Amino acid sequence: MKILIKSALIIDPQSKYHQKKMDILVEKGKIQKIKKSIKIDNKNKITEYKHKNLHVSPGWFDIHVNFCEPGYEEKETILTGSNAAIKGGFTGVMLMPNTKPYIDNKGMLEFIKNISKRNILDIHVAGNITKNCEGNDIVEMYDMYNSGCKAFTDDKNSLSRNDVMKIAMLYSRDADFLIMNYACDTSLAKGHMNEGEISTKLGLKGIPSVAEEIMVDRDLNLCKYTNSKLHLSYISTKESVNKIKKAKSLGLKVSSDVTIHNLFLTEDLIKNFDTRYKVSPPLRTKIDNSSLINGLKNDVIDIISSDHTPINEEYKKTEFDNAENGIIGLESAFGLLGKHIIHKIGISKLIEKISINPRKILNIEEVIIEEGREANMTLFDPDVEWLFNEEDIKSKSKNTPFVGEKLKGKALAVINNGELEIC
Amino acid sequence: MGFFFAMFVNMIEEREILDQSLIAVTIERLCHQLIEVHHNFDNTVIVGVQPRGTFLNNRIIKKLQQIHPKIKIDSGNVDISFYRDDLMRRDKPIIPQTMDINISLEDKRIVLVDDVLYTGRSIRSAIDAILNFGRPKSVELLTLINRRFKRDLPIQPNYIGKNIDAMDSEKIVVEWKEVSHVDRVLIKKLYEK
Amino acid sequence: MRNNLSVNHLLGIKYLTTSDINLIFQTADNFKKIINQPIKKVPSLRDITIANLFFENSTRTKLSFELAEKRLSADIINFSSSNSSVNKGETLLDTVNNILAMKVDIVVLRHPNPGSAVFLSRNVKASVVNAGDGTHEHPTQALLDAFSIREKFGDVKAKKIVIIGDILHSRVALSNIFCLKKLGAQVSVCGPSSLMPKFLSSLGVTHFSNLHEALEWCDIANVLRIQLERQDVNYFPSLREYAMSFGVNMSVLNNLSKEITIMHPGPINRGVEISSDVVDSNHSLILDQVENGVAIRMAVLFLLSGKLNNNKQ
C-alpha cells in the first residue's frame, strides 16, 4: 500500500525536517521519500492524503491506559480500548497491569499479546512489580523483560514497603527495564478528594498533598541510594514538581509523568459531589496546575498521559465515597491538550511529551520522521475546534465529564505497521 | 383569597358597595344582634379568623365595649394556616400567622368572625383549628359580607353584614383602615388581558 | 422577608439563604405554639407521604422526625438498615426508587456517606430532607441549635459560640458553623488539634486548644459527643485523657468569671465530654433543644410540602 501525504507540517524535534512543510511518501510501511513536492504518475495505485492545516508527528504514545481485559471486560476490552486509542490518534499504548488476574508472570504477558487485535496500534504491557500486586514479593522481572515487558508498576497501588521498593530498583539496574511508582502514602491518603477548603466544607475525607510528597521523597532517596532509574507516575502537586526538579539537577536518573486532567481541572469541580471528577491522584488547585505546566516546560515532567480509566456507570452514579476513581481519556486527549496546554508549552514540547519521551523512557525503538524509517505517525490539525460528542467515544465506558465540550485540536489519521486509519 | 390574580389580569371595573360610614353602621347592628343572643357574654368567646377576620374582630370588640363598658368579653384569633386542605394545591405559599387563643374553649359559645364568607373552606379550617382548644358548646359565624353563590361546604352565617350575589369572575375586597387608610368594601370585576 | 424557601430540598445549611433560615424559625415559632396546645396535631400534611430512610443507627433524630411528621398528619413509611452491604450505592438508589414507586412525596434520609442526600436529590423525584449524611451536614440539628439560642437570647447575631469536640468528623459541627455564621454569630471551636480539620480557617472559625480560655470567651458552649465509632485510627489516646482536658464539668464552669449556656446535640456520654451535674443544671439548654427539634422539623416539612405543588408542574 502506498500513501502520499500532501504538504504536511512535520513536528518532530528529532528529525531534520522539523517544522518543515513537506510531502511524505509511505510505501510498504516505510517512509520512502520526503520532499517539498512529490509527483506521482500512476494515481490509482496510491492513497493520497490531503487536509487543510495538516500536521504530522511521530505516532502518539500513552503510557498509562487501562483496557481492563482480562477480568473487567464489562468496562473495556483490548479491542474497544484499541479503537479508543486509534480514535484519539495514538499508535502506541502501554497497558497497566491491574487486570484480574494481575500481570505478574510471563504467561499472563504472553496471553495479553495474543488477544491484541488491532495491527495498527502497538500495545505494550507493563508488569506488576510485586506478585498479585500485594506489595511484598517482586515478580520474575527478567523472565518478563525477555518477553518484551519494558516497565513494571503496581499502578495505583503505590508500593508502600521501602525494602521492596529498594529491591525492585536494585534488580532493575542489571537489565534495562523501568520501575514506575505512583507516589502516594496510603496511610495518609485515606480520602476521596484533595484536602483543602472544598473537602472541609463537604465533609469529605481529604487526600493531603503531603501524602504524595512524602512518597516522592522516599522514592528519590532510594533512587539516589540504588543509583537506578526511577519513573514517578501521576505527579499532582507543586512540591512534587520542585522535589523532582531538584533531583534532576543533582543528576538522578528520574523521570515523571502527569495526567491530562491534573493539568487544568481543579478540586472546585467537586463542590456539588460530582463523581465525574473523582480521580486518583485527586484534582488539586490552580497553583498545582500551573506548577505542573511549568514542570512540563522545563522538562521536570517528561510525559503526559490520559490515564484512560474506564468505569461503568453504576460506579459513578453513586455516593461520592463509593464512586470509583477515573476518567476515560484517549478520545479527548489531544482536544483537551490543544485547548488548555498547547499555547502554554508550544507544539514541539507537546509532541515530545506524548510521543518521543514515552518511547525514550521505556526504551522502545525510536520513531523519527525521516526517509528510510518505519512509518509510525499521527496526522493532526492542532487548531480545529470541534464538539466532543458521545459518538466520539469508542470506549465501552462513558465516564468522562467532557461530553458536549468544545475542544481544540484533533487527530485526523494514524499510520503504523503499513496501515492508515482515519480517526 | 385570590389576591395574586392581580398579576395576570387587568382590573377595569371597581365599585364601592360599603363605605366607611355604612361599615360602621353595619358593625353596630351586628353588635346589637350579638347582644340579643349572648347578653353579657359570660360564656362566650369571639374568635377572629386570621389574617383578615382579625380587623373585624377588633372592631366588634371595641364597639361592644362602647355599648356595654362594664362587661368583659373574651376574644382571640385563630390561625388556620396549618388546618387548610390546599397546601399542595396552591400557587403561593401559606404564610402562617399567630395563633392567639389563650383560654380553653371547653364548653364555650364561640362566635367566629371573618370578613367575607365565600366557599366556606376557611371556616371549615377554622372550626378544625378551634376544636383543638376544647369542645365548645356551640359555634356561630359572623361575617361582614356573605357571598351567596359558590358555597362549597354546608356552612351558613348566623350574623350577616351584607349579602352579595357576585359572579365568580368578580372579587370582593374588604379594606381596613389599619392597612389601607380607609374602611370600605369594593367589588372588582376582573377581565383577562 | 420572603415567604418561600429558595430550595426544594433541605440538603445542608450551606445551600440555604439567611432568609430561608429565618423563615424556618418563624414557622417553627408557630409550630412551637401548636405543640403546646392540648391537641398537638394539625392536618396540614394529611395528603403527603413521607419515607424515613435510615441507613445508619439513630434513635433521637428518627423519633423527632417521626413525631414531627405525625403532628403534621402525614402518612409515614419507615425503612432502617444499618447492615452495610458491599455496594451501598446500588442499594441506596435502588432502595429509594423502590420506595418512591409507592408514591412518596418526601424522603428523610440518614446515611453514612457524605453527599448522599445531594446525590439522592439529583436522582429521585421526591423532595429530600437530609437527616445527617456522614461527615457532611446535619441541617435540622443546626437549625434547632440556633433556634434554641434565638429563643433564649432573642437573637443569634453577635453571640459567641464555641463548639467543643471532634470537629474533623462532625456533621453537627459543620452545619452549626455554617448556620451560626449565616446568622451573624461569632464561632470558634475547641478540642485537640488532631480532631480539627487542617483547613479550619476556610470555615471562618478560630481554634482554642485550651478549654478554659474557650469557655471564658464564649456565651454559649455547644459540646459534641465524642464519637469513637467514626474513626479509623485513634485521634486521641483515651476517653479518660479527653475528659480530663476537654470535659465540661461543674468545677470548670465554676472557675469562669461569668455564667455560660451549655448545649449538647445528644446522645450524651455522661462523664466524658460533659458531666452529669452540668447536663442537669440550669446552664443546660439540652431539653429545650429536644423540644425545639420537633418544631423545627415540622417547619421544614411544612415549608417543603408547600413547594411540592410547584415541583410537580
Side-chain angles (χ1 to χ4, degrees), chain B residues 1-5 7-8 45 47-52 54 76-108 110 120-137 139 153 179, chain C residues 1-8 19-20 22-50 68-75 103-106 126-127 295 298-313:
Chain B
M1 58 169 289
F3 273 102
F4 42 87
F5 284 96
M7 290 186 287
F8 308 110
V45 184
V47 177
V49 178
Q50 286 271 31
R52 304 191 61 85
T54 329
N77 291 301
V78 63
D79 175 37
I80 60 167
S81 308
F82 304 129
Y83 299 89
R84 302 186 67 106
D85 54 10
D86 58 351
L87 179 61
M88 296 217 301
R89 293 176 184 85
R90 293 164 63 91
D91 296 318
K92 281 226 154 173
I94 293 171
I95 307 157
Q97 310 286 330
T98 37
M99 180 74 91
D100 172 25
I101 295 175
N102 299 316
I103 47 170
S104 164
L105 302 184
E106 186 72 27
D107 218 29
K108 299 280 185 184
I110 311 292
R121 287 179 189 271
S122 303
I123 300 304
R124 200 278 308 148
S125 309
I127 294 170
D128 238 20
I130 58 170
L131 289 179
N132 289 320
F133 294 89
R135 179 177 182 273
K137 189 180 177 73
V139 181
L153 296 168
V179 279
Chain C
M1 183 77 210
R2 296 224 333 283
N3 47 36
N4 211 346
L5 291 179
S6 65
V7 292
N8 292 326
S19 58
D20 286 335
N22 284 320
L23 176 62
I24 292 169
F25 285 175
Q26 281 165 14
T27 313
D29 284 335
N30 290 300
F31 281 117
K32 184 131 192 207
K33 277 194 187 140
I34 300 262
I35 57 180
N36 283 304
Q37 283 174 196
I39 294 174
K40 298 167 179 63
K41 195 167 168 134
V42 294
S44 297
L45 305 194
R46 66 184 149 202
D47 47 0
I48 285 178
T49 309
I50 302 178
E69 290 154 5
K70 286 183 170 156
R71 296 253 153 102
L72 290 166
S73 304
D75 291 323
K103 304 270 181 290
V104 168
D105 302 292
I106 299 178
S127 185
M298 286 174 84
V300 165
L301 293 167
F302 177 80
L303 291 167
L304 287 176
S305 301
K307 298 204 81 184
L308 286 171
N309 180 29
N310 301 337
N311 299 349
K312 278 175 188 166
Q313 281 167 356

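It should be emphasised that the depicted structure is a prediction, and the values quoted were computed from it without experimental measurement. Below, each value reflects all heavy atoms present in this structure, side chains not excepted, and no hydrogens, waters or symmetry copies. The chains referred to below are lettered A, B, ... by the order of the sequence lines, with proteins before strands, and numbering in each begins at 1.
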Could you state the interatomic distance from [atom1] ([X]) to [atom2] ([Y]), rounded to the nearest 0.5 Å?
X	Y	atom1	atom2	answer
C:L23	B:I95	CG	CD1	9.0 Å
C:Q37	B:I101	CD	CD1	7.5 Å
B:Y83	C:I34	OH	CD1	4.0 Å
C:K33	B:T98	NZ	OG1	5.5 Å

Side chain, backbone, both or neither: which part of [X] has a heavy atom under 4.5 Å from chain B?
X	result
C:I48	side chain
C:K41	backbone
C:D47	both

So which part of B:D86 gets closer than 4.5 Å to some heavy atom of chain C, the side chain, the backbone, both or neither? neither
Pick one of side chain, backbone, both or neither for B:L131, based on which atoms fall under 4.5 Å of a heavy atom in chain C.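 It is the backbone, since no side chain atom gets that close.
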From CA spacing to verdict: side chain to side chain contact (heavy atoms under 4.5 Å, CB included), C:F302, B:I94: CA-CA 10 Å; C:F302 177 80; B:I94 293 171; 4.2 Å; yes
Is the number of heavy atoms from other residues, nucleotides or ligands within 6.0 Å of CZ (C:R46) greater than 12? yes
Within the 4.5 Å heavy-atom criterion, are C:N30 and B:M99 side-chain neighbours or not?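 No, their side chains stay 4.5 Å or more apart.
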Taking all atoms of both residues into account, what is the closest heavy-atom pair of B:S81 and C:S44, and its distance?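 In this case the closest contact between B:S81 and C:S44 is O-OG, 4.5 Å.
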Considering residues at least two apart in sequence or located in another chain, which fulfil the salt bridge (charged side-chain N to carboxylate O under 4.0 Å, His left out) criterion with B:K108? none
